[in-house]
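Scroll down for the structure; my scribbles are underneath it.
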Protein chains: 2
Amino acid sequence: MATMHDVARLAHVSVSTVSYVLTGARPISQATRNKVLAAMAQLDYQPNAMARGLASRRSRILGLLMPMDERGLGATETAFVTGAAAAASVAGYHLVLSPVGGGNLDDLRRLASQRMLDGVVLMEVQLADERVTVLQEAGVPLVLIGRTADTSTLSYVDIDFDQTVRDAVAHLVGLGHRQIVYVNHSAATLASGYGPALRTRDAFTSAMTGHGLDPVMIAAEDSAAGGRAALAAAFAQAPELTAVLAMNETAIFGILGELTGRGLSVPDDVSVVSMVTSPQVAELATPALTAMTSPGSALGRIAIEALTRHLDGPADLRHQQLLPCTLEIRGSTAAPRRPALATSGPASNDGG
Amino acid sequence: MATMHDVARLAHVSVSTVSYVLTGARPISQATRNKVLAAMAQLDYQPNAMARGLASRRSRILGLLMPMDERGLGATETAFVTGAAAAASVAGYHLVLSPVGGGNLDDLRRLASQRMLDGVVLMEVQLADERVTVLQEAGVPLVLIGRTADTSTLSYVDIDFDQTVRDAVAHLVGLGHRQIVYVNHSAATLASGYGPALRTRDAFTSAMTGHGLDPVMIAAEDSAAGGRAALAAAFAQAPELTAVLAMNETAIFGILGELTGRGLSVPDDVSVVSMVTSPQVAELATPALTAMTSPGSALGRIAIEALTRHLDGPADLRHQQLLPCTLEIRGSTAAPRRPALATSGPASNDGG
DNA sequence: AGACTTCGTCGAAGCGCTTCGACGAAGCGG
DNA sequence: CCGCTTCGTCGAAGCGCTTCGACGAAGTCT
């Protein structure tokens, strides 16, 4: 491994001159610069990241703290990551993901205090999130994906759930649906303070009320079985439902299965809209799901841009931004067979 | 931020003594150790990772190079990551994931040459993989997940595709199936030298031949539509098929949809086995899929253990190991309705 | 009891870089 | 044409740690 010293010797300049060529911190004549560059090329020189970091007190590494659970990562998350990585690269930073699990706050504290990361993007933020406290105490610049309950002091980027739900409901209402059931995440998730679940719940209530309709929400476990149970519960509470809005990528397959099991066809008998869903998952279903596609890549890019602006710029303003999901109409929504009419029982159709 | 120097002063010892307490590189008396530990606690001291790394020439950071494409990560991959992270933590290393995309070999070279990573686990290895060359040239200790064509010099951990396919075929044959079709990844993927696709193809041929059966393989695009097309092709090539073996998590939902569309029920008319599939995905389908579950977590753990052993130990032997997937029987396989009998046309059943 | 080894600690020399102050050489306004 | 700023470069002082050699004090062996 060639060092800067080797380059300097070969180019007949001082070490500091080589450094200035690399960082551009001071002007260097074109002639000298060329000599240095030639020497670097000849020696196949690569600066040592840790030496740079130690001397400059900045690692130029950004961390993306991403809890990895057994559910895997959807296309939304990977789009987020690639968007973030691209933005980091543009700003001259490396992006690394750290699979910090739920429990180990100490690990997190250590990671944050070791000054290895110039800044951090925290994913899957809960309304009350201890990790935020830990990171703030460690003094690490921070951008949240999602929001804590108190949004006053922190930078965040989040999905505009209010707008997203409103758009989804508007689509369904526009098709003529009146009885729309919202299948949310589980009651436990709701109770744990998971922002998206809470915010969509409130947004759904307000959107439906705004249309003069009755908001029925069902909490579903994140599993196919949970989806089936949720659909049963939905029919129990709203026998005349013609549309299901769901934000639960796992349960939705159970919902679909149960619908088929009851002899109901999608979208003729029941329309289904899946929220915060990637095109890839939407296409897995038959028919492909009309969905609110999350702005994964943009979310990642904007989060990193906010972070690097904070790190490089002088003004360290907080950045707070909401991005709505976009409606993508596929095969799972249509006008209801019986628009706004009262019918008899839940499941007794001529099938499809 | 307190430094080691501050700790030394407060504890009335030299800086090197503090270092020895931290690293255990030399014996320190219990009394002195306690003084130092107390000082550290009082100052809330955290060692600076980059300074340690520079002085010791080891970052104690391991990189997991994981291509992130638009398909997202399945539960298999996340299990792999958590298994790897846990093993790294046990060995005293941090694990970070780097979302190195496909194209940027230069990025990879830079990352590897900057000495920021003590070692690297490379995922999604192709039979001919330039990234392996780049990493080897950079002199970074390396463990592959998957194998290159020439396995002689490198360490790797991989799924035992041969065994896995053999077990899957044995399960089906044991149930009485004779006409089994294997739905693989796409022809393009095959052509690109994707190891799992190639190895399962060969393993399927040999397993079927071993049972005296005719191996029919179909290449399917990684999409629901691809799955539907593949099933159509399968029926064209083997009208009497009673079982489908698939290694394509995306296409399998299309296969299932198409089966239903043809009025064929799973598992009564056709049995389906999904290979290298996580329980979570298997449960998404109705009925839940009998699957060969990949040993994700074990794969991750073993890869990291091999890497850290290489880094810490004196002998740097290469480690090569194969792990089979385990059969998990769920609802998508059963004895064929018409065991080994010739029937008329493809799709004309009394439904399910 | 003398010759060795081991224990516990210290001081100093780096690791490979950035950055500060300094300084000669230009460039420039008056 | 003199003082002043800017340009281009150098040398040196760290950044916060690890690690090596040294050395007195104890213990071990014969």
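Protein chains get the first letters and strands the later ones, always in sequence-line order, with residue 1 at the start of each. Quick caveat, the model's predicted, so the values are computed rather than measured. Values reported hereafter were calculated over all heavy atoms of this structure, with side chains retained and with hydrogens, waters and symmetry mates removed.
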Sequence-distant partners of Q321(B), side-chain hydrogen bond (donor to acceptor under 3.5 Å, both in side chains), two or more places apart: H319(B)

Solution key, residues 108-116 of chain A side-chain donor-acceptor pairs under 3.5 Å, sequence neighbours excluded:
| unit_1 | atom_1 | unit_2 | atom_2 | d |
| --- | --- | --- | --- | --- |
| R110(A) | NH1 | D107(A) | OD1 | 3.4 |
| S113(A) | OG | R109(A) | O | 2.7 |
| R115(A) | NH2 | A138(A) | O | 2.7 |

Residue list, side-chain hydrogen bond (donor to acceptor under 3.5 Å, both in side chains) with N48(B), at least two apart or on another chain: none

Partner residues of Y194(B) under the ring pair (Phe, Tyr, Trp, His ring centres under 6.0 Å) criterion, sequence neighbours left out: H185(B)

side-chain hydrogen bond (donor to acceptor under 3.5 Å, both in side chains) involving S59(A) - partner list, sequence neighbours excluded: D118(A)

Within-4.5 Å side-chain heavy-atom neighbours: Q136(A) and T153(A): yes

Interface residues of residues 134-141 of chain B with DNA chain C (non-hydrogen, below 4.0 angstrom): none

Pairing residues for R9(B) by the salt bridge (Lys or Arg N to Asp or Glu O under 4.0 Å) criterion, not counting sequence neighbours: D6(B)

With T32(A) via side-chain hydrogen bond (donor to acceptor under 3.5 Å, both in side chains) - residues at least two apart: S29(A)

Atom-pair distance (CZ on R9(A); C1' on dG11(D)), nearest Å: 17 Å

Under 4.0 Å protein heavy-atom contact, by nucleotide of nucleotides 15-22 of chain D - B base, S sugar-phosphate only: BBBBBBBB

